[in-house]
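Heads up, the thing below is written out as structure tokens.
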Amino acid sequence: MITLMTYGGAVAADAGGTRTGGVPLVPEDFEWPECAHCGGPMQFLLRLPLEHGSVLTAFMCQNDPGLCEEWDPFARGNRAMLLPAEGVRAATPPATGVTALGAVSGVAFEDVEAETYFDASAEWVKATGRPVRQVLGQRGGEPSWLQGDETPACPGCAGPMPFVAQWEDGHDVATSANFGGGGCAYTFACEPCGQAVFLWQS
Ligand SMILES: [Zn+2]
Ligand SMILES: [Zn+2]
């Protein structure tokens, strides 16, 4: 069984639940992440509430696409973090820099009987007649790597980091994230250590 993430329609910029785009919901002491390469503010990409009460939240730099190692799990051209689900408010993005995606997209979850993510995606398109771009990724299961296995070691406990979700770049090419053109992003989290990692391949 594969749990697909599919396009759930436009939602508010500060909507709870799982979405791509809009603004992150953050605690009082939150500081908007800056790119280690160009120093600019990062683009908020996505949020996904986890099982044990934290919310995986990911950003990457888009101020200088391709020049900030924004695909790399540890080069600090992107940033993933676990934020609390309670006691949060909509962040105010910095006034300059590329800080938001072009659309706010709700994410729906649908279980599909299939062996792999790519099989599930094809199955869903056949069954629903909806465009393949409306498959936004998968939650849980095994990553379907476009390149080699890049499962990161947890910076806290050094164990292989649990896989959370795989992400396509978006339902509309005009507002999609830049994962190198047709790439996929992969998010990992170790909730006991409070650590999260983001990377993409194309
Ligand atoms: Zn940068
Ligand atoms: Zn850990």
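Both counts, for ligands and for their atoms, begin at 1 and track the order of listing. Computed from heavy atoms alone, side chains included, the values below leave out hydrogens, waters and symmetry copies.
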If every non-hydrogen atom of Phe44 is compared with every non-hydrogen atom of Gly22, which pair is closest and at what distance?
CD2-O, 3.2 Å
Look at the rings of Trp200 and Trp71 and say which category their plane angle falls in: under 30° parallel, 30 to 60° tilted, over 60° perpendicular.
perpendicular
With a cut-off of 6.0 Å (strictly less than), are more than 12 heavy atoms of other residues, nucleotides or ligands near CZ of Arg76?
no
Can you tell me the angle formed at the Zn ion (ligand 2) by SG of Cys193 and SG of Cys157, to 10°?
110°
For the Zn ion (ligand 1), decide whether Cys68 has an N, O or S atom at a distance under 2.8 Å.
yes
Would you give the length of the straight line joining atom CD of Gln138 to atom CZ of Phe163, rounded to the nearest 0.5 angstrom?
4.5 Å
Rounded to 10 degrees, what angle sits at the Zn ion (ligand 2) between Cys190 SG and Cys154 SG?
110°
